Number of protein chains: 2
Amino acid sequence: MAVTLKEVAERAGVSRSAVSRTFTDGASVSDKMRRKVEKAARELGYSPNALASSLTTGRTKLIGLISDNFHNPFFLKAFDVFTSGLQARDLRPLLVNLTSMPDPDDAVQMLRQYSVDGVIVASSTVPPSFATLFEKANIPAVFAFARYRGSANSNVVGIDNEFAGAFAARTLIERGYRNIAYLGGPQAAVSTTDRLKGFSAEMASHGLGFTHTFSGKYSFQAGRTEMLRLIDQGDLAEVYFGADDIISIGALSALESRGIRVPEDVGILGLNDLEMAGWENINLTTIRQPIGQIASASVDLMVSLLDEPGRHPEARLFPCTLIERGTLKPLKIGA
Amino acid sequence: MAVTLKEVAERAGVSRSAVSRTFTDGASVSDKMRRKVEKAARELGYSPNALASSLTTGRTKLIGLISDNFHNPFFLKAFDVFTSGLQARDLRPLLVNLTSMPDPDDAVQMLRQYSVDGVIVASSTVPPSFATLFEKANIPAVFAFARYRGSANSNVVGIDNEFAGAFAARTLIERGYRNIAYLGGPQAAVSTTDRLKGFSAEMASHGLGFTHTFSGKYSFQAGRTEMLRLIDQGDLAEVYFGADDIISIGALSALESRGIRVPEDVGILGLNDLEMAGWENINLTTIRQPIGQIASASVDLMVSLLDEPGRHPEARLFPCTLIERGTLKPLKIGA
DNA sequence: ACAAATTTTGCAACCGGTTGCAAATATGGA
DNA sequence: TCCATATTTGCAACCGGTTGCAAAATTTGT
C-alpha cells in the first residue's frame, strides 16, 4: 500500500542501499545521489518505515509509558511533560493503562512484544515485580513518582516521600497543632505508606501520637467519602495531613458540606500542589511536589540509560516546599 | 538479545513455520507439535516480536492518539477511556502531544512512519489539514470531540456543538436572563466557534443581542484572566455561558476573588460536566457532555473502520443534558 | 597523465517473522 | 490391507528495511 524503498530505488535508478543511506544520517552518499533519491522520494511521497528499520538497527524509539492513575488530575500535567519531553528527543510514548489490565505483568509482556527501547513507570502503586521483570527482559526502566529504596538498585525519580511526611508533621507541629491525624491514599501506594512512615517518625520524635486512615484510591471521591466517615464517627482531629491534594480537596468538600469551617474548626494540609489547589475556591495549603521537574528528569534519565546501557541505577530526588494558602492556621510569629 | 523464533524452532527440533503457526491462531498445527513448541518457548522465555510480524501481516495494532489539550482535566478522563478501550481490543495507543510539535503535520508524518493502523484525534482545535492528510496516507481516522460538518465526510464522534450552544441560550432565556454574554475558549477551537454559532442563532430567534469574548486557551487561568478583564472593564452581564467548564471555573474564581456573588450578582453556566464541576466547593451548573461515551464510541468506531476498510464516514453524536447545580438562578415554577 | 588513497555505490545476506505451495504424514473407507 | 482423502509440516520467498564488504568511481599527489 505505502510506497517502499524499493520503488523509490527503481524510480531513481539506483540501488536500494543508496536510498536507505540517504535516509540514515551519517551514511556516505554523494550530493548528486542524495538529490536524485530525494527527488524520487518526494514524487512518490515516500516515508521510511520505522518499524522495518528497527528490525535491523535494534532500536524502535518506542518508550512504554505505564500508569495506573487516570483519576488524579496530577497526571495530566505529568503526561504533558512526559510526552513532549520524549517527542523532543525523537522518542514515541506507547501508553499503557494499568488500571484496565487483569494482570499487570501482561503490560511487561506486551511492551516486550513491541520491543520498546525503554519504559517509564509513572505510578506509586506499581507491583514490585516490575523492576525485576524489566531487568530480566533487559529493558531499561525509570520509576517516576516511586519509592526510593535507599540503596538505589533501580532508577527512581521523585521526592523523598519519608522526608515529605516528616516535613508535613514538623509543619503542623510548628503551627501549634497537637491533635493531628494522617489521611492516606490507597494503602497499596508506596507514596502513602512512605509518607506515613516519615510522618510517624517525626511525630514520635516529638512525643506525639496520631491516628491514621486510608482512602481506597487517589481520587476526590475517595477523600470525600473517607472524611465523611470520620465526621460521622465523631471525634475529629484538629488537623489532617492528606497524603495527596486530591484526597485533601475531597476532604475539604466533605467538611464544607457538613458546615465545618476550615481552618477555624479543622485544618487541612495537602501534598502535591495540583493546579486546583491554587484555585481561589479551594485555596489549599499544601506541600509542593515538583511534578514537571520530576517528569522532565525522568525523560532525561531515560535518555541517559539509552545512551549508556551499562549505567548504574540512580535516584534523582527533588525537594518539596510548603505552599502557604488558606487551610491551615498561620504560624504565630515569635512562637 | 531477545529470544527469536529461530532459536525456539531449533530447540524444539521443528521448522520455523511450525513455531510461527503455534503463535498465530487459526493456523493448522497438531496438538503434539503445539505442545513441543510451547515447551521450548516457555523454557527459552520466548515472546513473538509484534513489529516483525507486522511487516508481513500489514497490521501493527498501533493506534495513534493525538491530542493538544493537556491542560483541561477533561482529557484525563478521555485518556482513561481511550486507552482502556483500545487495550481491551488488543490495540496499543501511541500518544502524540500536538502542543509541543512545531508543525502539526509532522505528527501525520510520524504516525505514517510507525505504520499505525488508525488514528484517533482527540481535539477541537485540530488543523483542517489532518483529515485530508490521513486520507491521503490511507490511515483511517476518527475525530473525537470535533466538528460535525453536516455532510459527514469524515468520522466524527462528539456532541452537536451548535445544538449545545442553542441549548445553553434557551436555558438561560427560560431562566429569565436577558443580559446574556458568551465566554468562549480559544477562537481557533471549533468547539468554541460552533457553540457560539448555535448560541447566536438561538438568541437571535428570541430577538436578543449579546456580547462575546474569547479566552486564549481551554484552561483555568485563561478563563480567570478573561473574567478579571471583564470585571475591571465594568459593565458585567447578568449571566455568562462559559464554553467549557474549565473556563467557567476560572471565571467563577475571578468573580469570587472580587467579591461578586454567584448566582445572586452574576450567573455562570458551563459545558462539559467535569468531575470538578460537581465538587461542593465549585458546584457549577453545567451542560453535560458525555465524555466517557464519546471516547468509548470513538474506539468502537475505530474498530469498525479497521474491520471494514471501505466503510462510509459516519458521525456519532450524543445528546447533552443540563446538570442543575448552584451557579444559575432557579427556573421559576410556572413562569 | 598515472598510480595511490579516498569516497561512493551495489551486491547479497540478514533482522524476525509469515505464508503459498508441495511433500509428508495421518485418517478413513471398503 | 490398500488406496483415496484430509491434515500437518517444511521449504523458500517475501515483508521493508540495514550493513559489511568488495568493486567502481572519484579525488589527490606528483
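We use all heavy atoms of the structure for the numbers below, so side chains are in, but hydrogens, waters and symmetry mates are not. Quick caveat: nothing in here was measured; it's all calculated off a predicted structure. Throughout, protein chains are lettered first and strands after them, A, B, ... in sequence-line order, and every chain is numbered starting at 1.
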S.K.: Just call it for B/S53: base, sugar-phosphate, or nothing, with non-hydrogen atoms closer than 4.0 Å on any strand.
M.R.: sugar-phosphate
S.K.: Give me the ring orientation class for B/Y46 and B/F23: parallel if the planes are under 30° apart, tilted from 30 to 60°, perpendicular past 60°.
M.R.: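 Correct class here is perpendicular.
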S.K.: Is it the case that over 12 heavy atoms from other parts of the model lie below 6.0 angstrom from the CD atom of B/E135?
M.R.: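 Open.
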S.K.: Give, for atom CG of B/L5 and atom OG1 of B/T22, the distance between the pair rounded to the nearest 0.5 Å.
M.R.: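 Answer for the CG-OG1 pair, B/L5 versus B/T22, is 8.0 Å.
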S.K.: Heavy atoms, side chains only, cut-off 4.5 Å: are B/D300 and B/R316 in contact?
M.R.: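 Yes - at least one pair of side-chain heavy atoms lies under 4.5 Å apart.
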S.K.: CG of A/L55 versus C1' of D/dG16: gap in Å, rounded?
M.R.: 9 Å
S.K.: So, is B/Y114 near the phosphate of D/dG16, with a side-chain N or O under 4.0 Å from OP1 or OP2?
M.R.: no
S.K.: Rounded to whole angstroms, how far apart are CZ on A/R35 and C1' on C/dT9?
M.R.: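 Nearest whole value for this atom pair: 17 Å.
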S.K.: Name the nucleic acid region contacted by B/T24, choosing base, sugar-phosphate or nothing; use a 4.0 angstrom heavy-atom cut-off, strictly under.
M.R.: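 Sugar-phosphate, backbone atoms only, no base.
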S.K.: Can you tell which of D/dA12, D/dT18, C/dA12 lies closest to the side chain of A/S20?
M.R.: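 Nearest to the side chain of A/S20 among the choices is D/dT18.
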S.K.: Start at the 5' end of DNA chain D and walk down; is the nucleotide closest to B/D31 or to A/S47 reached first?
M.R.: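 Here B/D31 is the residue nearer the 5' end.
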S.K.: For C/dT7, does either OP1 or OP2 sit under 4.0 Å from a side-chain N or O belonging to A/S28?
M.R.: no
S.K.: Around A/D25, counting heavy atoms of other residues, nucleotides and ligands shown, do more than 12 lie under 6.0 Å from its CG?
M.R.: no
S.K.: Base, sugar-phosphate, or nothing: which does B/T4 touch, judged by heavy atoms less than 4.0 Å apart?
M.R.: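 Touches sugar-phosphate only.
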S.K.: Rounding to an integer number of Å, can you tell me how far A/M33 CE sits from C/dG10 C1'?
M.R.: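 Interatomic distance, CE of A/M33 to C1' of C/dG10: 9 Å.
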S.K.: Can you tell me how the ring of B/F70 sits relative to the ring of B/F79, calling it parallel under 30°, perpendicular over 60° and tilted otherwise?
M.R.: tilted
S.K.: Base, sugar-phosphate alone, or nothing: which one does B/S30 contact when heavy atoms must sit under 4.0 Å apart?
M.R.: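 Sugar-phosphate only.
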S.K.: Provide, to the nearest angstrom, the distance between the CG atom belonging to A/L44 and the C1' atom belonging to D/dG16.
M.R.: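 Rounded to the whole Å, the gap is 15 Å.
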S.K.: Checking contacts here: which listed nucleotide (C/dG17, D/dT19, D/dT9) is nearest the side-chain heavy atoms of B/L5?
M.R.: C/dG17
S.K.: Is any side-chain N or O of B/R59 under 3.5 Å from a base N or O of C/dG17, one able to act as donor and the other as acceptor?
M.R.: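 Under the 3.5 Å cut-off, the side chain and the base do not form any donor-acceptor pair.
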S.K.: Scan B/V19 against the nucleic acid and name what it touches under 4.0 Å (heavy atoms): base, sugar-phosphate only, or nothing.
M.R.: nothing
S.K.: When the distance from CD of A/E7 to P of D/dC15 is rounded to whole Å, what number comes out?
M.R.: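 Checked: the CD to P distance equals 10 Å.
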S.K.: Could you give the CZ-to-P distance, from A/F23 to D/dG16, as a whole number of Å?
M.R.: 16 Å
S.K.: Quick one: does B/T57 reach the base of D/dC15 with a side-chain donor-acceptor pair under 3.5 Å?
M.R.: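 Donor-acceptor pair under 3.5 Å: no.
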S.K.: Could you check how far CZ of B/R21 sits from P of D/dT9, rounded to whole Å?
M.R.: 9 Å
S.K.: With a 3.5 Å cut-off and just heavy-atom distances, do the side chain of A/S17 and the base of C/dC11 make a donor-acceptor pair?
M.R.: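 Answer yes: a donor N or O sits under 3.5 Å from an acceptor.
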S.K.: Starting the side chain at C-beta, find the nucleotide from D/dC11, C/dG17, D/dG16 nearest to B/S15.
M.R.: D/dC11
S.K.: Please give, in whole Å, the distance from C/dG10 P to A/E10 CD?
M.R.: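 Nearest whole value for this atom pair: 13 Å.
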S.K.: Could you tell me whether the side chain of B/R16 has a donor or acceptor atom within less than 3.5 Å of a complementary atom in the base of C/dG16?
M.R.: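 Absent.
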